[in-house]
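Take a look at the structure set out below.
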Amino acid sequence: MQAAITATVSANPHLKPLVSLLRPSPAHRVRTHLPRHRPNTRASAMATSTPQELTITRPDDWHLHLRDGDVLAAVLPHSARHFERAIVMPNLKPPVTTTARAIAYRDEILKALPPGSSFVPLMTLYLTDSTSPEEIKIARKSGVVFAVKLYPAGATTNSQDGVTDILGKCLPVLEEMVKQEMPLLVHGEVTDPHVDTFDREKVFIERILAPLVQKLPQLKIVMEHITTMDAVNFVESCKEGHVAATVTPQHLLLNRNALFQGGLQPHNYCLPVLKRETHRQAIVSAVTSGSRQYFLGTDSAPHDKRMKECSCGCAGIYSAPVALSLYAKVFEQAGALDKLEAFTSFNGPDFYGLPRNTSKIVLRRSPWKVPATYAYGSGVIVPMSTGNTLEWLPSDQPEE
């Protein structure tokens, strides 16, 4: 598989390392308080010798929503400035269900990049009950599709066309994905209305994911945006290199109290929903442990402010402009800054069988204030940590 990927990179100039990035948006910080979850001698050392600058291999975002149209044009620069590549989610209207549509969407993204940027969108297909094994073969041969996304029907934004029978109707497709070494990206929640919202991830593991791994142990699976200690335990019970997980900044920093403090907080509402503090602590401990089974996936999901602040607000947190600053905060609080680079820059490409990036990015301890909003065509988008001050400021130019 590595040889095939190397050939794909050579044949696609946009898959080459990022050489020039965008100027930063106006500077913008979250007040967070993370308990130290385990004794750590590094944390004590940092208390007396606080680093002022971090240089790490340029990261990738392994779970990103870019949307299309005016929103795409507005949010793409924020991701392209800090990340060299990104796995782009396919839940548009209509969804990206074919390789032909994925190629067209990729072209839209590349055209929306500012001059000089060589940000690389890694495309995905939206799995449906009617996806064919032949489409998986076409996707692999295209050199631009890198994974297939499983949305249980009705689980999240634009998931109404998702899967209803993963172990039945989709089994031939999954078997072909094993042959093609094509990863399955999983939104891990059941949609059974009788299951409590806060238990949807746990029940998904029990009913769907565990049986799937048992039936197809060679299928590469990424459990996206994990939120529970149940997910941590499941991932770590599986074979390294076959099952991994992405983790968002919000699920590392916030627990479900953040939805209600000072009144209902729609900009902290996402799916999977925030969980209890005990789950957040379990995820922080797992991610900062140095395990190769976890990697950065922001799940940055822009929505118009009016669609968040309404009687039936949509799920999604827009974190792209602040994500690296927040991840650095989490690792610093855990006394594990030495493990940040593997999480942001190594574990993801290693799992996908892609080369690691060669350029660097510098994070400096330089407080900056997060803007209240970002404008796009007909409205504004509220970012995570809106109005707050963050300590770590990523550079906007790659370091060779």
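- When atom types are taken as modelled, the side chain of Arg140 and the backbone of Gln180 share a donor-acceptor pair closer than 3.5 angstrom.
- Summarising the geometry, atom CG belonging to Leu274 is positioned 7.0 Å from atom CD belonging to Gln250; distances are rounded to the nearest 0.5 Å.
- In this structure, the side chain of Arg365 does not engage the main chain of Trp392 through any donor-acceptor pair within 3.5 Å.
- Each ring-ring contact (aromatic ring centres under 6.0 Å, His included) pair with one or both residues in residues 193-248, not counting sequence neighbours, appears once here: His63-His225, His187-His225.
- Between the side chains of Thr373 and Lys305, no donor-acceptor pair of N or O atoms lies under 3.5 Å.
- Residues Ile109 and Leu66 are in side-chain contact: their nearest non-hydrogen atoms beyond the backbone lie under 4.5 Å apart.
- Residues Arg356 and Glu341 are not paired through a salt bridge, judged by the lack of any N-O separation under 4.0 Å between the basic side chain and the carboxylate.
- Side-chain contact between Val380 and Asp304 is absent, with no heavy-atom pair separated by less than 4.5 Å.
- For Thr131 (side chain) and Leu127 (main-chain N/O), no donor-acceptor pair under 3.5 Å exists by modelled atom type.
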Audit row: Arg101, Leu92, side chain to side chain contact (heavy atoms under 4.5 Å, CB included) steps and yes/no: CA-CA 11 Å; Arg101 179 66 185 98; Leu92 303 181; 3.7 Å; yes
Criterion side chain to side chain contact (heavy atoms under 4.5 Å, CB included) on Leu174 and Met177, from CA distance to verdict: CA-CA 5 Å; Leu174 299 177; Met177 289 172 62; 3.9 Å; yes
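- With contacts defined as side-chain heavy-atom distances shorter than 4.5 Å, the pair Ile138/Val145 does not qualify.
- Residues Ile87 and Met89 meet the side-chain proximity criterion, which asks for heavy atoms closer than 4.5 Å.
- Rounding to the nearest 0.5 Å places CZ of Arg364 at 7.5 Å from OG1 of Thr55.
- Among residues two or more places apart in sequence or in another chain, the side chain to side chain donor-acceptor pair (under 3.5 Å) test is passed with Glu206 by none.
- The closest side-chain heavy-atom distance from Leu185 to Thr124 is below 4.5 Å.
- By the side chain to side chain donor-acceptor pair (under 3.5 Å) test, Tyr294 is found to be paired with Glu236, residues two or more places apart in sequence or in another chain being considered.
- Pro133 meets the side chain to side chain contact (heavy atoms under 4.5 Å, CB included) test with Pro172, Val173, Glu176; sequence neighbours excluded.
- With a 4.5 Å cut-off on side-chain heavy atoms, Tyr376 and Val75 do not count as touching.
- Note on ring orientation: taking the six-membered ring where Trp is involved, the planes of Tyr352 and Trp62 are parallel (angle under 30°, cut-offs 30° and 60°).
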Chi angles and distances behind the side chain to side chain donor-acceptor pair (under 3.5 Å) call for Glu135, Thr99: CA-CA 7 Å; Glu135 191 63 53; Thr99 303; 2.8 Å; yes
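- The backbone N or O of Val382 sits nowhere less than 3.5 Å from a side-chain atom of Thr386 that would complete a donor-acceptor pair.
- For His267 and Tyr318, the side-chain atoms include no donor-acceptor pair closer than 3.5 Å.
- Thr128 and Ser130 are linked by a side-chain donor-acceptor pair at a separation below 3.5 angstrom, with hydrogens and angles left out of the test.
- The backbone N or O of Ala336 sits nowhere less than 3.5 Å from a side-chain atom of Thr288 that would complete a donor-acceptor pair.
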Pair Tyr327-Phe343, ring pair (Phe, Tyr, Trp, His ring centres under 6.0 Å): steps then yes or no: CA-CA 9 Å; Tyr327 284 123; Phe343 173 77; 5.3 Å; yes
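- Annotation: salt bridge (Lys or Arg N to Asp or Glu O under 4.0 Å) contacts of Glu240 (sequence neighbours excluded): Arg292.
- Of all heavy-atom pairs spanning Lys339 and Ser289, the tightest one is CE-O, 3.3 Å.
- Although no hydrogens or angles enter the test, the distance criterion places no donor-acceptor pair under 3.5 Å between the side chain of Asp199 and the main chain of Val195.
- The shortest non-hydrogen separation linking Pro349 to Ser345 is CG-O, 3.3 Å.
- Applying the salt bridge (Lys or Arg N to Asp or Glu O under 4.0 Å) criterion to Glu175, with sequence neighbours excluded, gives no partner residue.
- We find that Glu201 and Lys275 are not joined by a salt bridge, their nearest charged nitrogen and carboxylate oxygen being 4.0 Å or further apart.
- Put simply, the side chain of Met384 reaches to within 4.5 Å of the side chain of Leu253, judged on heavy atoms.
- Looking only at distances, a side-chain donor or acceptor of Gln265 sits under 3.5 Å from a matching main-chain atom of Gly263.
- The salt bridge (Lys or Arg N to Asp or Glu O under 4.0 Å) test applied to Arg207 returns Asp192, not counting sequence neighbours.
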Anything under 3.5 Å between a donor and an acceptor, one on a side chain of residues 162-170, the other on a protein residue two or more places apart or in another chain? List them.
| unit_1 | atom_1 | unit_2 | atom_2 | d |
| --- | --- | --- | --- | --- |
| Thr164 | OG1 | Asp129 | OD2 | 2.3 |
| Asp165 | OD1 | Gly168 | N | 3.1 |
| Asp165 | OD2 | Lys169 | N | 3.3 |

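- Contact check for Phe351 versus Lys220: side-chain heavy atoms found under the 4.5 Å cut-off.
- By the side chain to side chain contact (heavy atoms under 4.5 Å, CB included) test, Ala342 is found to be paired with Phe346, Asn347, residues two or more places apart in sequence or in another chain being considered.
- With sequence neighbours excluded, the residues that form a salt bridge (Lys or Arg N to Asp or Glu O under 4.0 Å) with Asp60 are Arg85.
- The two residues Pro152 and Glu189 have their closest heavy-atom pair at CG-O, 3.2 Å.
- Although no hydrogens or angles enter the test, the distance criterion places a donor-acceptor pair under 3.5 Å between the side chain of Asn268 and the main chain of Ala258.
- For Gln52 (side chain) and Thr50 (main-chain N/O), a donor-acceptor pair under 3.5 Å exists by modelled atom type.
- Aromatic ring centres of Phe119 and Phe83: separated by at least 6.0 Å.
- A search for side chain to side chain donor-acceptor pair (under 3.5 Å) contacts involving Asn255 returns Glu277, not counting sequence neighbours.
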Worked verdict on Val247 versus Leu296 for side chain to side chain contact (heavy atoms under 4.5 Å, CB included): CA-CA 6 Å; Val247 187; Leu296 184 158; over 6 Å; no
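- Residues forming a side chain to side chain donor-acceptor pair (under 3.5 Å) with Thr298 (at least two apart in sequence, or on another chain): Asp61.
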Derivation of the side chain to side chain donor-acceptor pair (under 3.5 Å) call for Ser359 and Glu84: CA-CA 9 Å; Ser359 61; Glu84 187 144 330; 3.0 Å; yes
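- For the pair Ala375 and Ala74, the tightest heavy-atom approach, listed with the atom from each and the gap, is O-CB, 3.8 Å.
- Closest heavy-atom contact between Cys238 and Gln293: O-NE2, 3.5 Å.
- Just one of His65, Arg67, Lys308, Glu309 meets the side chain to side chain donor-acceptor pair (under 3.5 Å) condition when paired with His303; it is Arg67.
- Residues Met307 and Tyr374 do not share a hydrophobic cluster, defined by chaining ILVMFWY side chains whose heavy atoms lie under 4.5 Å apart.
- Judged by distance alone, with hydrogens and angles left aside, the side-chain atoms of Ser319 form no donor-acceptor pair with the main-chain N or O of Val322 at under 3.5 Å.
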